[in-house]
Amino acid sequence: MKNLEVIKILNQIADLLDIKGIEFKPSAYRKASRTIESLNKNIEDIAKQGKLKDLPGIGQGISKKIIEILETGTCKEFESLKKSIPIDYESLLAVEGLGPKSVKVLYKKLNIKNLNDLEKAAKKGKIKKLEGFGEKSENQILQGIDFAKSSGKRFLLGHIYDIALSIENQLKNSREVTKVSLAGSIKRMKETIGDIDILVTSKDPKKTMDLFVNLKDAKDIISKGPTRSSIRLNSGIQVDLRVVKEDEFGSALQYFIGNKEHNVITRKIAISKGYKLNEYGLFKSSKKIAGKDEKEIYNKLGLDYIEPELRENNGEIEAAKKHSLPKLINYNDIKGDLQIHTNFSDGIDTIQAMAKKAKELGYEYIAITDHVGNLSIANSITEKRIDNYLKAFEKAKTEIKIFKGCEVNIKPNGDLDLKNDILKKFDFVVASIHSNFKQTKDLMTKRILKAMENKYVKVIGHPTGRIINARKGYELDLEKLFKKSNETNVILEINAQPERLDLKDIDVKAAVENKCKLIISTDAHNTNSLNYMKFGIATARRGWAEKKDIVNTLSLTNFKKFFDIS
DNA sequence: GCCGTTTTCGGCCCGACTGTTTTCAGTCG
């Protein structure tokens with residue numbers, strides 16, 4: 001799939017046009033880029049079918065450029081832009097406070113082309129002498145350089161969610177604060193988060209802002225005002241707090257949860273109905289007709305309430321208009337966790353400890369699925385140790401149902417790494433890929449399809465093998481897997497590990513559209529990681545999944561029936 | 001560059017905060 005390549009180049013064209021000071025075109029390129037980002041199809045296939053222009057935000061000009069990129073790896077427009085502005089704009093724009101206008105001035109006046117040039121110029125005090133810059137902006141740039149060098153990547157949802165909740169709680173517990181909510185991408189439970197947005201109402205905004213910028217975990221204050229302040233935490237993530245009035249809380253939430261495209265469309269709908277929508281409310285001329293409550297705003301726009309996880313401009317507005325939004329799976333619908341590791345293979349805690357924690361989480365059943373076979377890296381349970389492992393299940397005294405499970409490696413040819421006469425001793429076999437990721441799409445698809453034909457396999461673990469920010473998933477024809485799943489009742493997993501979330505949201509949506517059921521598992525290697533379930537559920541919700549689409553929402557009795565196990 | 005129950009041309013979301021200004025441009029979300 002060349003989707004990522006196309007996305008990257010379109011974004012870079014947008015950056016360069018921005019620096020050139022060209023209006024409106026940058027946002028057109030970014031919009032096209034985001035459209036491709038939300039696709040769960042191969043852009044090359046769409047191009048071959050001549051259907052690029054059917055995609056929103058892609059017209060005559062950009063479709064030609066996409067074809068050029070697919071054929072040659074780049075496009076003339078991009079190359080000539082780079083020539084005319086031969087600078088490392090990506091890292092320069094990553095410096096906090098530097099935007100396209102400043103980057104242009106710095107290049108024209110001081111010939112600053114990269115972070116090194118920028119640092120030298122700032123240290124020599126050259127920047128503060130430029131018109132429009134000063135002492136403070138020079139200092140800010142110096143600080144920003146360090147940050148741009150050290151990070152730049154987005155944070156994983158699962159790594160910062162608890163931090164966000166803790167800040168939310170500290171605000172909630174203060175006397176002045178009357179309402180608190182997370183907003184932005186973290187409220188939408190996006191897999192990666194740029195910064196944490198929080199919205200509050202307060203009886204004493206000044207006091208609340210003081211409390212906020214003095215939070216224990218705050219390293220720097222980026223800005224502070226009566227309605228908006230930003231801090232940077234020790235972990236490096238930025239947190240924005242906004243204080244709004246009680247009767248603006250709903251409209252502010254609507255505005256700040258986003259995403260951007262979703263908001264642009266809701267605003268346009270407002271305009272088409274003769275209203276105006278902004279963070280202060282929904283207005284008819286100057287009269288406010290909604291604002292306190294989000295639901296009210298959506299309803300007055302002729303839309304059903306849209307859950308935050310769906311607000312990605314991915315069809316939710318049309319569905320809300322037609323009253324056909326899915327009734328999303330709830331965060332408390334899960335009845336069991338079906339991929340769990342213990343100290344028998346590469347986990348830390350015992351079967352009993354995992355079961356105890358699962359009971360606390362309110363589950364009715366779990367499957368312990370330690371690695372079996374010859375996978376050396378994960379301390380796999382080899383044939384010799386299998387009997388010991390199975391006996392441990394008999395010994396474990398626990399209050400909830402435990403399925404005797406294992407995770408078995410799928411070999412490059414699609415065979416499993418353990419013989420059938422051993423596999424049959426287990427109630428619950430998860431099969432997954434842990435090696436030879438680089439096979440062709442065709443081979444990889446056949447490899448997994450073959451594993452799905454094994455009658456002992458119940459689940460395919462982390463089906464695409466991707467690691468967020470680190471490894472692309474393997475090339476795979478998911479539609480064929482969906483079909484096979486429907487034939488064989490072998491279920492594809494939504495792995496809830498923060499760096500996996502695999503299947504990912506748009507793949508979940510495709511699965512649901514193919515009437516393919518899924519299972520959500522944490523792949524926990526210690527008791528604490530059993531808490532990751534919420535990120536898997538969030539991924540399911542972002543993929544429009546309902547309770548009925550997720551197998552482990554079934555009661556123990558029905559779950560057993562579904563898989564025909566006891 | 002895209003798009004159209006106002007438009008095939010003329011719009012394109014808009015407000016808070018900051019720093020450098022003395023009324024505003026740039027950045028950010």
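A, B, ... follow the sequence lines: proteins, then strands. Residue 1 opens every chain.
Using Watson-Crick or G-U wobble geometry with both donor-acceptor distances under 3.5 Å, B/dC12 finds its partner in B/dG1.
Contact record, A/Thr74 with A/Ile9: CA-CD1, 4.0 Å, taken as the closest heavy-atom pair.
Comparing B/dG4 with B/dG15, their P atoms sit 25 Å apart, to the nearest whole Å. When the P atom is used for both B/dG26 and B/dT20, the distance is 14 Å, rounded to whole Å. Taking atom C1' in both B/dG11 and B/dT6, one finds a spacing of 12 Å when rounded to whole Å. Of the C1' atoms belonging to B/dT8 and B/dC14, the separation is 27 Å, rounded to the nearest Å. With both ends at atom C1', the span from B/dC12 to B/dT7 equals 13 Å, rounded to whole Å.
Across all strands, A/Lys224 comes closer than 4.0 Å only to sugar-phosphate atoms, never to a base (heavy-atom distances). Residue A/Tyr280 is in sugar-phosphate contact alone, with no base atom involved, counting any heavy-atom pair closer than 4.0 Å across all strands shown. In this structure, A/Glu23 reaches neither bases nor backbone, as no heavy-atom distance under 4.0 Å exists between it and the strands shown. Contact annotation for A/Glu131: no contact, since no heavy-atom pair falls under 4.0 Å across all strands. Contacts of A/Leu17 with the nucleic acid, taken as non-hydrogen atoms under 4.0 Å apart, are absent. Within 4.0 Å of A/Leu277, counting heavy atoms only, lies no atom of the nucleic acid at all.
Put simply, the residue from A/Glu309, A/Glu191, A/Glu312 that forms a salt bridge (Lys or Arg N to Asp or Glu O under 4.0 Å) with A/Arg542 is A/Glu312.
Contacts between residues 61-76 of chain A and DNA chain B, defined by a heavy-atom separation below 4.0 Å, involve A/Gly61, A/Ile62, A/Lys65, listed by number.
Bounding nucleotides for the chain A contact on DNA chain B, 5' to 3', at a heavy-atom distance below 4.0 Å, are B/dG1 to B/dG29.
One finds the CD atom of A/Glu79 at 9.5 Å from the CD atom of A/Glu68 (value rounded to the nearest 0.5 Å).
Ring centroid separation for the pair A/Phe535 and A/Tyr161 comes in under the 6.0 Å cut-off.
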